[in-house]
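Not measured: the values here are computed from a predicted model.
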Number of protein chains: 2
Amino acid sequence: MLFSQRQEIILSLIDHQKVVTLEELVQETGSSESTIRRDLDRLEKAKKLKRIHGGASRIEDKAEEPSLAEKNLRNVEEKQRIGQYAASLVQEHECIYLDAGTTAMQMIPHLNLENLIVVTNGIQLVEPLVEKGIPTYLVGGLIKPKTGAMIGSGAIKSLENYRFDKCFIGINGIHEDWGYTTPDPEESILKQKVLELSQEKYVLADPSKFGKSSFSKVALLEEAFIITVKSKNVQLASFEKKTLVKAVEK
Amino acid sequence: MLFSQRQEIILSLIDHQKVVTLEELVQETGSSESTIRRDLDRLEKAKKLKRIHGGASRIEDKAEEPSLAEKNLRNVEEKQRIGQYAASLVQEHECIYLDAGTTAMQMIPHLNLENLIVVTNGIQLVEPLVEKGIPTYLVGGLIKPKTGAMIGSGAIKSLENYRFDKCFIGINGIHEDWGYTTPDPEESILKQKVLELSQEKYVLADPSKFGKSSFSKVALLEEAFIITVKSKNVQLASFEKKTLVKAVEK
DNA sequence: AATTATTGATTGAAAATGATTGTTTTTGAA
DNA sequence: TTCAAAAACAATCATTTTCAATCAATAATT
């Protein structure tokens, strides 16, 4: 059996059950213990999993899971800058959509406007919004346990009651050819619907998202504007040909 | 069994019930006492829990303030009893509605069923539900800042996608003549809709609600069953003439 | 054919486990 | 309160499991 086949088995098992024993993997692949160990070594170096005594476990890219609460504290500063700029685009009397996730959440502290209405699908955004005194609508639907985002057909249906002046959505990958992508198809559909319902469309993404592409396609580059921060590691020229890109200073 | 698997069991138990005995953990994991002790040592060093004589307890990080809903700590014990009994009425494969508010929330710890689906309009209920692994749908709509409940026409519309085997709603006043009442007309309409969509209808109310009536009428007494606790201050006879009343022991 | 990469088996070392020990803490009856 | 029995504890040991390192055999590449 080829390494890539085994890798697939290993990662899929880990993905489904969080931890997997060496023995299970030997069973499942028919390979020897030594081989599996070597595979695990490689996959650990590639940061695809974490080796533990007796097997391997899923990589928890965040230090700890504070239940549903705020996590993903990576690139906070960048996200704050993006959020600040994005918030400056919003004007009084507008109705805007904020996507679930940390990036759009960073806009909230800077939303100092009267007569603003916010719609979101992220439970985490509700509390800061309400505390700011902003009238907030939450999209209904099934709750995605990991992220506290609303998804599913109920959420889509729920969305159709609204129209937005502007929407601000987060994204996992921005690729020159493949456009905006995200890992969860359910979320992808929702984002598409939001874009459809909005006059002005903004995608918020820190530089780490550029050049990457994820499983599920949301939209083409030209279908939304991009807000990001300047970074020497990312060449924006090719993206700027297709859409408006605002890169704020660090 | 691998350490990480045990860790998960241990932490989840502690998370749910605050303290856990060594014996319980031995039972639950099938590992020996020695092993569990060592696990607890490790987890204590990692600040994931606090060891106590006989087991371990949750680490009380800091004052968890619910800011959005200053939790109504009145009559907690009574509400717990009511919640416990109400939860015992729920069966597998059912789809139930839980009203926003502390009383219905008290049902959650006792909802130990497989294949249960919960719909709620209370944001506060989401986290405990999700942590229990219960598939949860949140009604969409406008958020009522004080209570974190979803209200308004959007919520009503959002509700119409569902049908419930049972619903459990909280109420502010139960009056012999005026029936069930609540102060907020918006909430009242929502509760009416929920009752309409449910097969079996339960109103949860501690004894302080009896004989009172509030601004907005939800339904007549006979339109729902009542779950409360026994109290010498309340004469239930007149209510029992009109509907089924279950008064659990204190 | 020679070289390189991958594999499975073997080895002693390291880690984890369960049982046992004697000690400390808790409990409850005097 | 005091004291003895019971329960829970940390420390230690022998056993089992898992580990990394090494080696020879096989497959792929040059």
Parallel, tilted or perpendicular: which one describes the rings of F168(A) and Y202(A), with boundaries at 30° and 60°? parallel
Nearest whole Å is fine: how far is [N] [atom2] from [X] [atom1]?
X	N	atom1	atom2	answer
E33(A)	dC19(D)	CD	P	8 Å
E23(B)	dA8(D)	CD	P	7 Å
M1(B)	dT17(D)	CE	P	16 Å
L40(B)	dA8(D)	CG	C1'	12 Å
Q7(A)	dT7(C)	CD	P	13 Å
H53(B)	dC9(D)	NE2	P	5 Å
K45(A)	dA20(D)	NZ	C1'	12 Å
I36(A)	dT6(C)	CD1	C1'	13 Å

R38(B) side-chain N/O to dG18(C) phosphate OP1/OP2 under 4.0 Å: no
Would you say T35(A) places a side-chain N or O within less than 4.0 Å of OP1 or OP2 belonging to dT7(C)? no
Got a sec: does the [atom1] of [X] have more than 12 other heavy atoms crowding it under 6.0 Å?
X	atom1	result
E44(B)	CD	yes
Q17(A)	CD	yes
K132(B)	NZ	yes

Within the structure shown, what part of the strands sits under 4.0 Å from L2(B) by heavy-atom distance: base, sugar-phosphate, or nothing? nothing
Reckon G30(B) touches a base, only the sugar-phosphate, or nothing at all at heavy-atom distances under 4.0 Å? nothing
Between R42(A) and S34(A), which is nearer to the 5' end of DNA chain C once each is assigned its nearest nucleotide? R42(A)
Answer yes when E94(B) and K166(B) have at least one side-chain N-carboxylate O distance shorter than 4.0 Å, and no when they do not. yes
Nearest nucleotide by nearest heavy atom, which residue falls closer to the 5' end of DNA chain D, I52(A) or R37(B)? R37(B)
Nearest of dG18(C), dT7(C), dC19(D) to any side-chain atom of R6(A)? dT7(C)
